[in-house]
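Here is the structure we will look at, set down as structure tokens.
In the text below, chain A, chain B and the rest are named by the order of the sequence lines, each starting its count at 1. Being a predicted model, the structure only gives us computed values, none of them experimental. Any value given below was found using the heavy atoms of this structure, including those in side chains, with hydrogens, waters and symmetry copies removed.
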Amino acid sequence: MGSLSRKHFLGLKETPADDIKKIIDTGFMFREVLDRPVKKVPSLTGMNIVNLFFENSTRTRMSFELAEKRLSADVINFSASSSSLKKGETLKDTVQNIHAMKMDAVVMRHSAPGSILQLTKFVDAIVINAGDGTHEHPTQAMLDMMSIHEKFGKLKGIKVAIVGDICHSRVALSNIYGLITMGAEVTLCGPPHLLPVGIEELGVNISYNIDEVIEWADVLNILRIQRERMGIGIIPSVREYRSSFGITQERINQHQKEIVIMHPGPMNRGVEIDSTIADGEQAIILDQVLNGVAVRMSILYLLLSQGEEKEA
Amino acid sequence: MKKEFQMNGKWLLANGNIYNPFLDETQQGSILLEDGIVKYLGKDNNIPKDANVIDCDSKMITVGFMDLHAHFREPGREDKETLETGSLAALAGGFTKVCVMPNTNPPLDSPESIRFIVEKASNLPIDIYPIGAITNGQKGQNLSEISEMINAGAVAISDDGVPVKNGQILRYALEYSKMCGITVINHSEDEDIRADGVMNESSMSTNLGLPGNPDYAESVMIFRDLSIAEFVDGKIHIPHVSTAKSVEVIKYFKDKGVNVTAEVSPHHLGLTENRLSEFDTNAKVAPPLRSEKDRLALIQGLKDGIIDCVATDHAPHTIEEKEADFIQAPFGMIGLESAFGITHTVMTNNGASTEDVVRWLTDAPMKIMNFKLKAFETGKKADITIIDPQEKWIFSKEHVHSRSKNSPMYNMEFTGRVITTISGNIGFGEIISS
């Protein structure tokens, strides 16, 4: 058992504030490591970690791999399109095969909500969720929170707006759970039919008016709008989405206020966010990427290292 | 553990409460069977010297149950269930008559395939009644040979889990089948509204990140189907009603005199969407487990007679299939072995009697299928289920005789248990003989 309250890192729904705080604090420690000339520490020497990606992901996978290597763990990458499961192999088979190789930890990305919980039943290893469909993506939410904390020195009372397609987002739920636990205020802003039923029961505000939300917010976390959803009856057009919810330069200029701009990537420049905003001074999008490596190092370290706390 | 046993020679079912669900009458007494035939029913407690005795003191002796909605997977998926293994599951649950749905591979959409089931089932201890497909290949386009199928032994028609999307085809089916006197069963779900939903749409689905299937996907389809049935004066049956709104819609049309009947599944009476909090694929079912409000409306609807009967929707799937992720795993759960236990527990807790529960499992479904309503007829084959209404028991895998084990109900405590099922000279149960 590591120095967090749970063996695995599956989601933020039930992760206590103490754990979140510890992950962020340790994250800043590793952030310093990443600024050194030699960016590697021996914390997880001898540990075997497999990155099990059943779904395409470039940045999350790279971020995990980098975090693992900078902690000196031995890393194996496994990519399988979900179609291999359709060919007949069950998730259990795939996972048990990999587990037979004596892994200490499994990092998994899978398209199906809940698959990460199933995984914990099939293996003894420590399990870390790298995104289970539209359910949770807790390491993304952790890096988002670390980035907000870096900017404001706290999370409590910070007004965070999550803008876009909440329904199909893999990052929204974890962000909501984490931010609410840490005492931030959260407003969701997007087309009404892309806000899932009963989401307000999680303690968030709902708005369909992006300009009011910009006035209110300290932080805008802008979600990717998938171009595939345009023009198939869900989102009328790029033009209409931009005029209703797009974070355009004009819109930001009108508000004359300091606001922190975040985006989990990959971005659709010119759709949900203008290039000038994404590359502008208010954006911390690239800090998010670096914090992603640091916070994943933090989580792996806290879960896997035979740390001082355990010996004490 | 229950098992099959031969009941050749004389068997006395001694001193029970003999309940005739068709007349809603109970009498104290014994039933004597000889080589699987009912010889005597009455108060005479003289035990023939050469008789085996099943002590039925404080037990209810009633008619074997009928399930009008089960999936026995034969032909095509015999790895999940066969007519034979399905029969054992039925007997274990108190059922002696089972209607099997046509979603086999190939589907039961021709007189030849109906005859296959009838012939294959002829040597089995229970009576199996095939339901034929409404359309060829369950494709929703061309009516199948309905009349020929009925002549071959089909008792109703349904495209099973595939809703007849084209309302005009459903109209034709309802009109055409009038000449056969059978009922049309349509899976009531608007597939466009359901979309990729895998559970009830609610704050629960939002919390789990799972695509939702809203309650109105069912009720709007029921409204359409019953409007058609009203117009053509057809006979229609609504399977596995799962929502409060659907109960309202059925009541509306029943009050107008439309010839509609409806069933509810034991799992919709006993379980809610909360069962999915751990992503248990064994609780993934179509229609999905709904909210507590829906569950209570179904219980009330059954008590009020808006819903006519209980049917299991017994849907066996292999462990491997159910070990897939929640999106990929198939819909459905087994139900024959747990049906009486959970239904009796839930319904008696909500003011119904054991007799009510028995009627929902005998009289009501048999009426829907136009079966002869006779109980314990002297000189006829024994068709009997013995129940202990008081016994508390924990449902577990050892109670399951189906080839598949996909149930979310293990470890639930039930009140009321089927002790022994008798179909002709085949008994099934723990023999309590003296």
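A/Ile199 touches chain B through backbone and side chain together, each having a heavy atom under 4.5 Å away. The contact between B/Ser202 and chain A is made entirely by backbone atoms, counting heavy-atom distances below 4.5 Å. For B/Thr281, the part sitting under 4.5 Å from any heavy atom of chain A is the side chain, from C-beta outward, and nothing else. Both the backbone and the side chain of B/Asn207 come within contact range of chain A, judged by heavy atoms closer than 4.5 Å. Residue A/Leu202 touches chain B through its side chain alone, counting heavy-atom pairs closer than 4.5 Å.
In this structure, a donor-acceptor pair under 3.5 Å is absent between the side chains of B/Asp159 and B/His187. Side-chain N/O atoms of B/Arg295 and B/Thr272 include no donor and acceptor closer than 3.5 Å.
Salt bridge status for B/Arg194 with B/Glu189: present, with a side-chain N to carboxylate O gap under 4.0 Å. Between B/Arg224 and B/Asp190, no side-chain nitrogen of the basic residue sits less than 4.0 Å from a carboxylate oxygen of the acidic one, so the salt-bridge criterion is not met.
You'll find the ring centres of A/His135 and B/Phe279 inside the 6.0 Å limit.
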